[in-house]
Asks: 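Please see the structure below; I have some questions.
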Amino acid sequence: MILKLPEHYNANEWFVNIVLVFLSLVFACLPKKLPIHQIVLTMLFNIMIGKMADKVLGIKYPYDLYDTMDTPKYDLYDFLIYTVIYGIYGYIFAHFFVRFELKHKSAALLSYLLMWVGMSVFFERLAVVFEVFQYKSWNLAFSALAYFIFYSLQTFFFLIVDYYTKKGSSLAKLEGQQLRSIERKIPPA
């Protein structure tokens, strides 16, 4: 699929470029505290959820609550929003979730979720000002609810991936110990 360039290069493309550069710099500067597969899965989850939500809510069927960018057609900047910006934003969420060790702290986790909802609503408001999103029957209150649901799902998804990552490494360690034990019992030829 060849991605089309935008019909008009205006404020919304500049906004996306600035956000893209900023998030890429943040991503590059953050220490990678997660295994690569968790980073990739977290980013893919965000890309999928963001694209799915925008497709369900932002197209004609079943709803047409808002538009993104200049046209309803999928172009290069839609691709950049979904794949790079949503992916990196999700990674940053997961990074600080791990850094602040929020797994077993429900009050802190709720505060963390609400902080991210607030930041996301703020950034979405900026995106509306720069016409990245054009609301039809949508408003920021709907966005706040959607972000809370989304970040809750992302937290749940991350905990599942983290659980199986640790379970997998424990099994690998156990299998390695069993293999060494068997090797010790085999007499040399």
Side-chain angles (χ1 to χ4, degrees), residues 1-24 26-27 38-97 102 109-161:
M1 171 165 113
I2 298 175
L3 296 171
K4 298 181 190 263
L5 293 174
E7 292 177 6
H8 309 286
Y9 202 86
N10 52 25
N12 54 13
E13 285 84 13
W14 279 108
F15 180 79
V16 170
N17 286 337
I18 291 167
V19 170
L20 186 64
V21 168
F22 175 74
L23 288 177
S24 297
V26 170
F27 179 76
Q38 278 187 294
I39 293 171
V40 170
L41 287 173
T42 298
M43 293 175 89
L44 287 174
F45 181 79
N46 271 48
I47 292 165
M48 185 266 315
I49 289 289
K51 189 165 186 166
M52 185 176 69
D54 282 351
K55 288 291 179 193
V56 170
L57 300 171
I59 60 174
K60 289 185 177 16
Y61 181 81
Y63 308 104
D64 187 15
L65 303 176
Y66 58 87
D67 288 331
T68 55
M69 301 307 286
D70 295 324
T71 68
K73 296 177 185 171
Y74 192 76
D75 69 14
L76 174 64
Y77 279 85
D78 291 307
F79 175 78
L80 293 173
I81 290 170
Y82 294 125
T83 57
V84 182
I85 292 175
Y86 287 0
I88 293 174
Y89 204 69
Y91 169 74
I92 294 169
F93 174 89
H95 171 84
F96 286 106
F97 177 83
L102 297 171
L109 177 58
L110 180 60
S111 297
Y112 185 71
L113 291 174
L114 292 174
M115 179 191 75
W116 274 85
V117 167
M119 285 189 332
S120 298
V121 167
F122 172 76
F123 286 122
E124 183 173 322
R125 178 67 185 123
L126 282 177
V128 169
V129 168
F130 287 96
E131 298 178 354
V132 173
F133 299 110
Q134 299 90 36
Y135 294 160
K136 296 175 182 178
S137 302
W138 191 258
N139 63 52
L140 287 174
F142 296 153
S143 293
L145 177 62
Y147 287 129
F148 186 79
I149 292 167
F150 167 71
Y151 287 124
S152 298
L153 286 172
Q154 183 178 358
T155 301
F156 183 67
F157 175 79
F158 182 78
L159 291 173
I160 289 171
V161 171

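Note that these values count all heavy atoms, side chains included, but never hydrogens, waters or copies made by symmetry.
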Asks: Can you tell if the side chain of I85 reaches within under 4.5 Å of the side chain of L20, non-hydrogen atoms only?
Replies: yes
Asks: Please round to the nearest 0.5 Å and tell me the distance separating atom CZ of R125 and atom CZ of F130.
Replies: 11.0 Å
Asks: Do Y77 and N17 have side chains that get closer than 4.5 Å, going by heavy atoms?
Replies: yes
Asks: Is the backbone of Y86 close enough, under 3.5 Å, to the side chain of N46 for a donor and an acceptor to pair up by distance?
Replies: yes
Asks: Please enumerate all residues that pass side-chain contact (heavy atoms from CB on, under 4.5 Å) together with N10, with sequence neighbours excluded.
Replies: H8, N12, E13, D70
Asks: Would one find more than 12 heavy atoms of other residues, nucleotides or ligands at under 6.0 Å from atom CZ of F22?
Replies: no
Asks: Within a 6.0 Å radius of atom CZ on F79, are there more than 12 heavy atoms belonging to other residues, nucleotides or ligands?
Replies: no
Asks: Looking at F158, F157, Y112, which one forms a ring-ring contact (aromatic ring centres under 6.0 Å, His included) with F93?
Replies: Y112
Asks: Rounded to the nearest 0.5 Å, what's the gap from CG on L57 to NZ on K136? Could you check?
Replies: 12.5 Å
Asks: Provide the closest heavy-atom pair for S152 versus L113 in the form atom of the first, atom of the second, distance.
Replies: OG-CD1, 4.0 Å
Asks: Judged by atom type as modelled, is there a donor-acceptor pair below 3.5 Å linking the side chain of Q154 to the main-chain atoms of G90?
Replies: yes
Asks: Apply ring-ring contact (aromatic ring centres under 6.0 Å, His included) to residues Y89 and W116 and explain how you reach the verdict.
Replies: CA-CA 10 Å; Y89 204 69; W116 274 85; 5.1 Å; yes
Asks: With heavy-atom distances below 4.5 Å as the criterion, would you say the side chains of V161 and T42 are in contact?
Replies: no
Asks: Please say which of D75, D78, D54 ends up in a side-chain hydrogen bond (donor to acceptor under 3.5 Å, both in side chains) with T68.
Replies: D78
Asks: Applying side-chain contact (heavy atoms from CB on, under 4.5 Å) to V26 and Y91, what does each step give before you reach the verdict?
Replies: CA-CA 10 Å; V26 170; Y91 169 74; over 6 Å; no
Asks: How many angstroms lie between atom CZ of F150 and atom OG1 of T155, to the nearest 0.5 angstrom?
Replies: 9.0 Å
Asks: Any side-chain to backbone donor/acceptor pair from Q134 onto M69? Under 3.5 Å, distance only.
Replies: yes
Asks: Does F96 reach the side chain of I92, with side-chain heavy atoms less than 4.5 Å apart?
Replies: yes
Asks: So do the side chains of Y151 and S120 get within less than 4.5 Å of each other, counting heavy atoms only?
Replies: yes
Asks: Flag yes if more than 12 heavy atoms outside E124 fall under 6.0 Å of its CD atom; otherwise flag no.
Replies: yes
Asks: Holding to ring-ring contact (aromatic ring centres under 6.0 Å, His included), I want the full list of residues that pass it with F148, two or more places apart in sequence or in another chain.
Replies: none
Asks: Going through the checks in order, is the side-chain contact (heavy atoms from CB on, under 4.5 Å) test met by F97 and L109?
Replies: CA-CA 8 Å; F97 177 83; L109 177 58; 3.5 Å; yes
